[in-house]
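Taking it in order: structure first as structure tokens, then the write-up.
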Amino acid sequence: MALVLENKQVTVYFFNSWTQKALTQRGNVYLKQGNLNAATKDFQEIYNNDKNNNEALEYLHTIEPLAEDIASAKVAFERQDYQGAIYLLSKVIDICPWDPELREIRAECYIAQGDLFKAAGDIRPTTKLRNDNTAGYFKLANLYYELGEAEESLSQVKECLKLDPDHKQCFPYYKNVKKLVKQLQAALDTVNNEQWEDCVNKGKQILKTDSKTFHYVHRAKSHICHCMAKGGHGTDAVKACSEVLDLDPDNKDAVN
């Protein structure tokens, strides 16, 4: 009888030990995902059954202020206090790195501040954190495009089309960016081959495709300036290079 009782006690001990371990692991995943209610429930269950479990208590103390920080960050964002929102969101994201919503809000804050590079850094992981995240890939493609990284933009919009080949935004966007990437490469090839007349024409084609985005306008006009100067178009070269200097006063190629 004593042996049976002892075996039951051992069984209960191992059950509780493994249950606590499983709850801790699951609670930690919930916490990283930003699922604060589920995480609290798991760690509270551990603590309720073992008041000496300091790890569970520490997790509960960590979780407690997060919901308030998230709510305050959202209020700051709505009030256009982007730096305040970023500060609060960054604290939470350090603990909940797998919560896509928090990263998306912080990305919008970075965009409002003009820091597209950091915005892209936040949107990129959300493409994996959300299933079939075509919106994330499309946004990432746009951010890289605005940063002047047309090839990376093309790569991201392709990922969107892998998920939905007929996507209403990604498909026409893909065609436009693909066209621009080809034009940029063609212009570079004409420079490398010293085909100055063709180079000027390629630069003008880029401007027809995108006459608004700084990086591509600057690149196109730089090609035109350089190739007109090399091709002996004196007056036109001066005019073209002056346009480059208006965009970028420190452009050494235009000065020379």
Side-chain angles (χ1 to χ4, degrees), residues 107 110-111 113-125 127 134-256:
Y110 284 134
I111 291 170
Q113 291 186 329
D115 195 338
L116 303 187
F117 183 79
K118 285 184 178 179
D122 264 341
I123 294 298
R124 181 178 279 275
T127 60
T134 54
Y137 281 117
F138 182 64
K139 192 171 193 68
L140 194 57
N142 276 276
L143 286 169
Y144 279 120
Y145 186 87
E146 291 295 325
L147 285 166
E149 299 183 25
E151 289 187 4
E152 184 60 31
S153 175
L154 184 62
S155 175
Q156 296 303 323
V157 80
K158 283 180 179 178
E159 293 299 322
C160 172
L161 292 174
K162 286 180 183 178
L163 297 172
D164 182 359
D166 299 317
H167 194 278
K168 291 182 179 180
Q169 291 174 301
C170 290
F171 184 66
Y173 186 84
Y174 163 77
K175 290 194 294 184
N176 289 335
V177 178
K178 183 180 179 181
K179 178 181 178 182
L180 181 67
V181 168
K182 285 185 176 180
Q183 289 174 336
L184 290 168
Q185 184 58 54
L188 185 60
D189 290 341
T190 59
V191 172
N192 293 334
N193 294 327
E194 299 184 358
Q195 296 170 324
W196 309 126
E197 296 301 324
D198 285 345
C199 172
V200 172
N201 291 329
K202 297 299 182 185
K204 291 178 179 178
Q205 287 175 9
I206 294 170
L207 289 174
K208 285 183 180 179
T209 301
D210 188 341
S211 61
K212 295 180 180 179
T213 307
F214 172 82
H215 293 286
Y216 309 114
V217 172
H218 180 272
R219 204 177 304 182
K221 290 192 173 184
S222 294
H223 277 301
I224 294 170
C225 161
H226 177 75
C227 297
M228 279 188 170
K230 290 290 186 180
H233 297 272
T235 303
D236 289 338
V238 170
K239 181 181 177 182
C241 294
S242 295
E243 291 180 359
V244 175
L245 289 171
D246 287 340
L247 292 170
D248 180 10
D250 296 323
N251 191 296
K252 295 179 180 179
D253 291 333
V255 173
N256 295 330

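Here the structure is a predicted model, which means the values were calculated and not measured. Along the sequence shown, residues are numbered consecutively beginning with 1.
Under the rule for a side chain to side chain contact (heavy atoms under 4.5 Å, CB included), the partners of Ala135 that lie at least two apart in sequence or sit in another chain are Asn133. Shown here are the side-chain hydrogen bond (donor to acceptor under 3.5 Å, both in side chains) partners of Gln205, two or more places apart in sequence or in another chain: there are none. For Lys202, there are no salt bridge (Lys or Arg N to Asp or Glu O under 4.0 Å) partners two or more places apart in sequence or in a different chain. Here Asn201 pairs with nothing under the side-chain hydrogen bond (donor to acceptor under 3.5 Å, both in side chains) rule; sequence neighbours left out. Residues forming a side chain to side chain contact (heavy atoms under 4.5 Å, CB included) with Arg124 (at least two apart in sequence, or on another chain): Leu140, Tyr144, Glu152, Gln156. Remark: Phe138 pairs with Tyr173 by the ring-ring contact (aromatic ring centres under 6.0 Å, His included) rule, at least two apart or across chains. Here Glu243 pairs with Lys221 under the salt bridge (Lys or Arg N to Asp or Glu O under 4.0 Å) rule; sequence neighbours left out. For Asp246, the side chain to side chain contact (heavy atoms under 4.5 Å, CB included) test picks out no residue, with sequence neighbours left out. Under the rule for a ring-ring contact (aromatic ring centres under 6.0 Å, His included), the partners of Phe214 that lie at least two apart in sequence or sit in another chain are His218. With sequence neighbours left out, Tyr216 forms a ring-ring contact (aromatic ring centres under 6.0 Å, His included) with Tyr145.
Here the SG atom belonging to Cys225 is positioned 11.0 Å from the NZ atom belonging to Lys230, to the nearest 0.5 angstrom. Atom CG of Leu245 and atom CG of Leu247 lie 9.0 Å apart (nearest 0.5 Å). The CZ atom of Phe171 sits 10.5 Å away from atom CG of Asn176, with the distance rounded to the nearest 0.5 Å. With rounding to the nearest 0.5 angstrom, the CD1 atom of Ile206 is 12.5 Å from the OG1 atom of Thr213. Note that CD of Gln185 and CG of Asn192 are 8.0 Å apart. Values are rounded to the nearest 0.5 Å.
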**Message:** I'd like to know whether His226 forms a side chain to side chain contact (heavy atoms under 4.5 Å, CB included) with Ile224, so could you lay out the CA-CA distance, the side-chain angles of the two residues, the decisive distance to 0.1 Å, and finally the verdict.
**Reply:** CA-CA 6 Å; His226 177 75; Ile224 294 170; over 6 Å; no

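Nearest heavy-atom pair across Gly136 and Ile123 is O-CG2, 3.5 Å. The two residues Ala150 and Leu180 make their nearest non-hydrogen contact at CB-CD2, 4.5 Å. Heavy-atom minimum distance, Arg219 versus Gly148: NH2-O, 3.1 Å. Taking all atoms of both residues into account, the shortest heavy-atom contact from Ala107 to Ala119 is O-CB, 3.6 Å. When all heavy atoms of Cys170 and Leu161 are compared, the pair lying nearest together is CB-CD2, 3.8 Å. Counting all heavy atoms, side chain and backbone alike, Ala141 lies closest to Ser153 at O-OG, 2.7 Å.
Pairs engaging residues 154-167 under the salt bridge (charged side-chain N to carboxylate O under 4.0 Å, His left out) rule: Glu159-Lys162 [sequence neighbours left out]. Identified under the salt bridge (charged side-chain N to carboxylate O under 4.0 Å, His left out) test for residues 174-188, with sequence neighbours left out: none.
Applying the side-chain contact (heavy atoms from CB on, under 4.5 Å) test between Lys139 and each of Thr134, Thr127, Ile111 identifies Ile111 as the sole match.
At most 12 heavy atoms of other shown residues, nucleotides or ligands fall within 6.0 angstrom of atom CD in Glu151.
Residues Tyr110 and Leu116 fail the side-chain proximity criterion, which asks for heavy atoms closer than 4.5 Å.
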